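Take a look at the structure set out below.
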There are 2 protein chains.
Amino acid sequence: MKIGELSKKSGCSIQTIRYYEREGLLLNPNRSEGNFRLYDSKALKQLEFVKHCRSLDISLNDIKRLIELKNKPEESCSSVNALIDQQLALVNKRMKELRALKAELQQMASACGSNNTIEACGIIKSLDS
Amino acid sequence: MKIGELSKKSGCSIQTIRYYEREGLLLNPNRSEGNFRLYDSKALKQLEFVKHCRSLDISLNDIKRLIELKNKPEESCSSVNALIDQQLALVNKRMKELRALKAELQQMASACGSNNTIEACGIIKSLDS
DNA sequence: ATTTGATTCTATAGTTACTATAGAGTCTGT
DNA sequence: ACAGACTCTATAGTAACTATAGAATCAAAT
């Protein structure tokens with residue numbers, strides 16, 4: 001299949017697919033006579049792997065590492081575990097930040113009845129302090 | 001004061017301060033004979049306002065709008081309220097995403113006892129599906 | 001008066017993960 | 001033979017910074 005079809009099947013945009021290729025996340029595909037990229041179902045699987053990782057917010061760099069690891073099936077998977085744990089820690093950290101952020105935003109929102117002038121606005125006041 | 005002092009007092013890096021200036025978030029400061037930026041306490045307050053907004057993850061563009069609004073003290077503050085509400089909605093959305101993400105990561109982490117080969121690794125398996 | 005070290009200046013490039021565009025070439029259907 | 005759809009490469013843009021190079025300026029010590 002050509003890149004358009006791969007794009008539809010995978011849900012990744014054509015540019016994203018070409019970008020992943022440039023970044024070394026996808027193997028260089030065979031080309032047609034006219035230099036069009038030609039993919040098989042294995043390539044689609046590779047791309048779906050990348051997409052799944054991205055949906056977990058794993059960085060392209062880490063995905064690259066995961067792919068390398070996948071190609072060494074006999075080795076220990078402890079680095080894989082470490083990577084996921086690290087990802088979890090990152091998510092936890094961001095959630096904590098967001099909770100604090102939400103609390104302050106809510107407090108600010110309640111500090112202004114919305115029918116004030118800007119001069120009297122509780123939100124602007126709290127941002128100023 | 002010069003930019004180094006402003007940087008220390010505000011906690012923003014020198015480059016960030018210059019960047020904010022370029023982006024129109026800070027007024028162009030006076031310059032010394034040797035062309036060094038010279039700031040007063042008002043400039044520090046401006047910068048602290050920006051920093052506070054950034055800590056709430058408000059975009060530079062929105063901060064610019066807030067600054068414009070601040071300069072019209074007699075107008076209604078409803079746009080300020082709308083902006084904060086929108087920011088809250090954004091935070092809520094991201095929190096929801098993160099919760100889903102965390103759940104999947106946790107499930108994955110528990111799918112592998114960490115002492116497997118990569119071939120048998122539950123994490124890689126679940127990423128592959 | 002000079003020199004050293006710290007600070008500042010501008011302009012430019014790099015970061016992440018894409019998205020968008022221009023301009024050219026290729027393929028398919030009529 | 002030609003229109004329209006698809007693809008190609010190369011390049012620039014996005015957000016919010018951070019980092020660098022190379023030059024100029026300043027303050028303090030000699």
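Numbered from 1 within each chain, the chains take letters A, B, ... in sequence-line order. This structure is a prediction, so every number in the text was calculated from the model and none was measured.
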What is the distance, rounded to the nearest whole Å, between atom CD1 of B:Ile17 and atom C1' of C:dC9?
14 Å
Taking NZ, NE, NH1 and NH2 as the nitrogens, is one of them in A:Arg94 or A:Asp57 under 4.0 Å from a carboxylate oxygen of the other?
yes
Interatomic distance, B:Ile63 CD1 vs D:dA15 C1' [rounded to whole Å]
12 Å
Just by modelled atom types, is the A:Cys112 backbone N or O under 3.5 Å from a matching donor or acceptor in the A:Asn116 side chain?
no
The side chain to side chain contact (heavy atoms under 4.5 Å, CB included) partners of A:Lys64 (sequence neighbours excluded) come to A:Leu25
Sequence neighbours excluded, which residues qualify as side chain to side chain contact (heavy atoms under 4.5 Å, CB included) partners of A:Glu68?
none
Sequence-distant partners of B:Asp62, side chain to side chain contact (heavy atoms under 4.5 Å, CB included), two or more places apart
B:Ile58, B:Ser59, B:Arg65, B:Leu83, B:Gln86, B:Gln87
Contacts table for residues 4-17 of chain B: side-chain donor-acceptor under 3.5 angstrom, sequence neighbours left out:
from    : atom 1 : to      : atom 2 : distance (Å)
B:Glu5  : OE2    : B:Lys9  : NZ     : 3.0
B:Ser7  : OG     : B:Cys12 : O      : 2.7
B:Ser10 : OG     : B:Leu6  : O      : 2.8
B:Ser10 : OG     : B:Ser7  : O      : 3.3
B:Ser10 : OG     : B:Cys12 : N      : 3.1
B:Ser13 : OG     : B:Thr16 : N      : 3.1
B:Ser13 : OG     : B:Thr16 : OG1    : 2.8

Side chain to side chain donor-acceptor pair (under 3.5 Å) filter on A:Arg18, not counting sequence neighbours, yields none
Send over the distance from B:Lys64 NZ to D:dA15 C1', rounded to a whole Å.
13 Å
Interface with DNA chain D, restricted to residues 85-93 of chain B and to heavy atoms under 4.0 Å
none
Do any of residues 43-50 of chain A sit with a heavy atom less than 4.0 Å from DNA chain D, and if so which?
none
Using the test side chain to side chain contact (heavy atoms under 4.5 Å, CB included), find all partners of A:Lys72 that sit at least two apart in sequence or belong to another chain.
A:Glu74, A:Glu75
Rounded to the nearest Å, what distance is computed from the OH atom of residue B:Tyr39 to the C1' atom of nucleotide C:dT8?
11 Å
Main-chain N/O of A:Arg31 paired with A:Asn35 side-chain donor or acceptor, under 3.5 Å
no
Report yes if some heavy atom in the side chain of A:Phe49 is under 4.5 Å from a heavy atom in the side chain of A:Ile67; otherwise report no.
yes
Test of understanding: with side chain to side chain donor-acceptor pair (under 3.5 Å), list the residues that count as partners of A:Asp85, not counting sequence neighbours.
none
Nearest-angstrom distance from the residue atom CD of B:Glu5 to P of D:dA27
13 Å
Each nucleotide of nucleotides 12-28 of chain C classed B (base within 4.0 Å of a protein heavy atom), S (only sugar-phosphate) or -, in 5' to 3' order, makes -----BBBB----BSS-
Checking D:dT7, C:dT10, D:dT9 against the side chain of A:Arg37 (C-beta onward), the nearest is D:dT9
Rounding to 10 degrees, work out the angle separating the end axes of the helix from C:dA1-D:dT30 to C:dT30-D:dA1 (five pairs an end).
30°
Just wondering, do A:Ser76 and B:Thr117 contact through their side chains at under 4.5 Å, heavy atoms?
no
Only counting residues at least two apart or in another chain, list the ones meeting side chain to side chain donor-acceptor pair (under 3.5 Å) with A:Gln46.
none
